[in-house]
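This report concerns only the one structure given below.
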Amino acid sequence: MKADLVVKNGQVVTPQQTFNGGVAISGGRIVAVNTDDALPDATRVIDVKGQHILPGLIDAHVHFRDPGLTHKEDFATGSAAAVCGGITTVVDMPNVIPPTENAEQIGVKKKIAESKSLCDFAVLGVIHQTNVADILPMAKAGAIGYKIFFGETIGNLPFPDDGMCMEVFPAITESKIPLCTHAENRQIQHYYTNKMKAEGKGNPIYWEDTRPWICEAEAINHIIFLAENFGTKLHIVHCSTKQGAMMVKDAKARGLRVTAETGPHYLLREPKDMAEAGPLLKMNPPVRTKDHGEVLWRGLNEGFIDMIATDHSPHTLEEKGCDINGKMLKPAIWDCISGFCGVETSVPLMLTQVNAGRMTINQYVKVASENPARVWQMYPKKGSLNIGADGDLTIVDMNKEAVIDPRKLHSKNVPTPWGGWKVKGVPTCSIVRGNVQMQDGEPVGKAVGRMQTPVVYW
Ligand code: DOR
Ligand code: ZN
């Protein structure tokens with residue numbers, strides 16, 4: 001029987017092995033993974049000679065800003081940036097306007113995104129002080145999980161206080177889907193921010209001092225305690241500290257279902273880089289010194305940090321308070337908004353590190369595809385090359401070199417601290433359920449993106 005699409009003559013990569021061959025897709029699903037001579041005939045054949053065929057890569061932390069903040073990004077531009085960056089599925093954050101805080105808003109986002117997304121997506125519902133009754137309905141409406149913003153961040157969503165957590169956590173546990181948390185202690189944030197302001201330390205290099213390691217670590221400790229007591233599946237987003245990473249390691253060792261992600265900026269950048277990158281590198285939590293990055297690298301390689309996710313958070317340059325090169329145009333770093341683009345640059349940055357020997361390509365596939373799918377309960381439909389899995393592939397050329405150019409990114413606004421970075425290892429084709437959505441760095445497909453709901457509960 002003829003397949004719809006065969007991608008062949010590549011090196012197929014799974015977390016366990018790399019072998020010469022290809023993948024066949026029919027009806028949007030994988031029907032064969034094999035050496036070239038054993039693949040079926042197909043209506044369309046893509047010869048990827050010399051390149052690697054990876055399961056579709058997942059960015060489990062993006063802010064596509066739709067609805068309500070579409071002057072920053074929307075699902076059309078965000079998903080174009082995703083597929084151009086080799087990402088075939090994203091998990092979208094709920095700090096939009098109105099917030100994704102009840103079943104109705106889950107449905108609103110599904111409708112918006114399915115009308116314009118080039119990639120598949122899953123949606124998180126936010127939990128705050130007054131919507132405990134919406135927790136189970138959001139799961140029924142197809143949320144992949146929940147988010148609580150314990151730290152102060154964009155959207156200023158009020159988090160549930162400790163008393164309300166006595167109701168919130170059991171409800172989350174009952175829903176069988178995970179909770180992810182932005183883990184920063186607001187009072188510690190405020191204390192240090194006020195101190196920096198009083199001392200007039202408005203230079204970008206001091207941004208980390210407003211949220212030192214203890215700010216994140218205290219919050220992670222607190223949340224793990226709640227999750228452990230209420231039996232809640234917990235995922236820590238953008239883990240930036242070695243102390244936080246070790247708490248996640250300990251929780252795993254105790255048998256808890258606690259997972260964590262980190263991003264390229266926490267692995268490759270430091271506070272001193274803010275002298276040059278300025279507000280472009282301003283993010284919450286902030287980038288930290290190398291000793292933190294080293295532990296996060298170890299975590300990714302040893303398995304106590306589960307995944308790479310970017311926290312893609314675009315803003316206009318005016319909101320960022322700087323020009324495209326990072327020159328600060330506002331009086332102080334606290335006047336500049338935090339967040340920057342990441343969904344399009346993560347794969348080339350990380351493949352460059354694979355080429356440099358910091359991680360095997362098999363382990364990269366694990367932390368950039370299999371693990372995000374497992375944590376968000378989409379595995380093995382997503383995150384695998386199993387027969388019957390969605391036909392999502394990311395083709396990468398490990399020998400191709402490029403320089404990251406902000407003007408070539410596909411987001412609506414392109415503030416990035418990665419401009420000028422040389423990369424070796426570039427995505428050349430993104431395939432979503434058998435549809436070619438990016439070829440040679442440009443979006444080519446239609447709005448085929450579909451909302452993903454949990455396929456297993458574990
Ligand atoms: O710096 C940040 N910006 N951190 C977050 O957690 C949210 C994000 C945003 O939405 O812009
Ligand atoms: Zn975020």
Side-chain angles (χ1 to χ4, degrees), residues 61 63 68 93-106 123-139 141 143-195 197 210-241 243-244 247-248 251 256-261 284-286 311 313 334 338-339:
H61 191 149
H63 297 260
M93 293 293 144
N95 55 334
V96 288
I97 300 174
T100 318
E101 62 186 354
N102 52 38
E104 187 196 344
Q105 288 305 319
I106 299 281
V123 168
L124 292 175
V126 71
I127 299 173
H128 49 67
Q129 181 69 6
T130 55
N131 71 338
V132 64
D134 293 301
I135 292 177
L136 288 171
M138 284 197 280
I144 206 77
Y146 308 102
K147 182 159 187 186
I148 298 179
F149 290 87
F150 278 109
E152 186 168 278
T153 190
I154 309 307
N156 275 335
L157 292 161
F159 60 93
D161 64 28
D162 287 347
M164 185 50 73
C165 282
M166 301 304 109
E167 289 185 34
V168 158
F169 274 70
I172 298 169
T173 306
E174 193 186 336
S175 77
K176 296 193 172 65
I177 59 176
L179 165 70
C180 72
T181 57
H182 181 121
E184 290 189 292
N185 177 307
R186 267 189 215 204
Q187 289 167 29
I188 298 177
Q189 270 173 12
H190 286 168
Y191 171 80
Y192 280 109
T193 305
N194 291 339
K195 190 163 180 284
K197 286 184 177 170
T210 67
R211 293 153 184 252
W213 69 268
I214 197 166
C215 178
E216 175 175 288
E218 194 286 329
I220 293 180
N221 187 47
H222 188 81
I223 303 156
I224 289 178
F225 178 82
L226 291 172
E228 180 161 12
N229 277 282
F230 290 106
T232 312
K233 288 182 267 196
L234 176 67
H235 177 67
I236 306 293
V237 298
H238 45 53
C239 183
S240 67
T241 59
Q243 292 85 354
M247 286 174 197
V248 172
L256 303 185
R257 200 299 208 169
V258 173
T259 56
E261 69 191 38
N284 294 330
D311 201 359
S313 36
W334 49 75
S338 71

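Predicted, not measured: the structure shown is a model, and the values here were computed from it. When reading the values below, keep in mind they use all heavy atoms of this one structure, side chains included, and skip hydrogens, waters and symmetry mates.
Atom CD1 of Ile220 is separated from atom OG of Ser240 by 7.0 Å, given to the nearest 0.5 angstrom. To the nearest 0.5 Å, atom CG of residue Asn284 and atom SG of residue Cys215 are 9.0 Å apart. To the nearest 0.5 Å, atoms OH (Tyr146) and NE2 (His128) are separated by 13.0 Å. Separating the NZ atom in Lys197 from the NE2 atom in His190 is a distance of 9.0 Å, to the nearest 0.5 Å. With values rounded to the nearest 0.5 angstrom, Leu234 atom CG is found 13.5 Å from Phe225 atom CZ. Expressed to the nearest 0.5 Å, how far CZ of Phe159 lies from OG1 of Thr181 amounts to 12.0 Å.
The shortest distance between side-chain heavy atoms of Pro212 and Tyr192 falls below 4.5 Å. Between Ile172 and Ile135 there is a side-chain heavy-atom pair separated by less than 4.5 Å. Looking only at side-chain heavy atoms (C-beta outward), Leu226 and Thr232 stay at 4.5 Å or farther from each other. Residues Val132 and Val168 form a side-chain contact, since some pair of their non-hydrogen atoms from C-beta on lies under 4.5 Å apart. Counting heavy atoms from C-beta outward, Gln105 and Asn102 have side chains that approach closer than 4.5 Å. Annotation: side chain of Ile177 is not in contact with side chain of Lys233 (no heavy-atom distance under 4.5 Å). A heavy-atom distance below 4.5 Å is found between the side chains of Arg257 and Pro178. Using a 4.5 Å heavy-atom threshold, the side chains of Met93 and Leu124 count as touching.
Residues Cys165 and Pro160 come closest through the heavy atom pair SG-O, 3.8 Å. Listed here is the closest heavy atom pair of Ala219 and Ala183: CB-C, 3.5 Å. Of all heavy-atom pairs between Ala171 and Leu136, the closest is O-CD2, 4.0 Å. Across Ala139 and Ser175, no two heavy atoms sit closer than the pair CB-CB, 4.1 Å. Between His63 and Ser313, the shortest heavy-atom distance links the atoms CD2-CB, 3.9 Å. Across Cys239 and Gly244, no two heavy atoms sit closer than the pair SG-C, 4.0 Å.
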- request: Under the side-chain contact (heavy atoms from CB on, under 4.5 Å) rule, what do His222 and Asp162 come out as? Steps first, then yes or no, please.
  value: CA-CA 10 Å; His222 188 81; Asp162 287 347; 3.0 Å; yes
task: Start with the C-alpha gap between Thr259 and Ile236, add the side-chain angles, then the distance that decides, and say whether side-chain contact (heavy atoms from CB on, under 4.5 Å) holds.
output: CA-CA 6 Å; Thr259 56; Ile236 306 293; over 6 Å; no
message: Before you tell me yes or no, could you show the steps for Gln189 and Thr210 under side-chain contact (heavy atoms from CB on, under 4.5 Å), namely the whole-Å CA-CA distance, both residues' side-chain angles and the distance that decides it to 0.1 Å?
response: CA-CA 6 Å; Gln189 270 173 12; Thr210 67; over 6 Å; no
message: Set out, in order, the CA-CA distance, both residues' side-chain angles and the distance that settles side-chain contact (heavy atoms from CB on, under 4.5 Å) for Asp311 and Val237, then state yes or no.
response: CA-CA 9 Å; Asp311 201 359; Val237 298; over 6 Å; no
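Note on ring orientation: taking the six-membered ring where Trp is involved, the planes of His182 and His238 are perpendicular (angle over 60°, cut-offs 30° and 60°).
Here the side chain of Asn221 pairs no donor or acceptor atom with the backbone of Ala217 at under 3.5 angstrom. Looking only at distances, a side-chain donor or acceptor of Glu216 sits under 3.5 Å from a matching main-chain atom of Thr241.
For CD of Gln129, the number of neighbouring non-hydrogen atoms (other residues, nucleotides, ligands) closer than 6.0 Å is greater than 12.
Sequence neighbours left out, the pairs with a member in residues 181-190 that pass salt bridge (charged side-chain N to carboxylate O under 4.0 Å, His left out) are Glu184-Arg211.
Under 3.5 Å, the side chains of Glu101 and Asn131 contain no donor-acceptor pair of N or O atoms.
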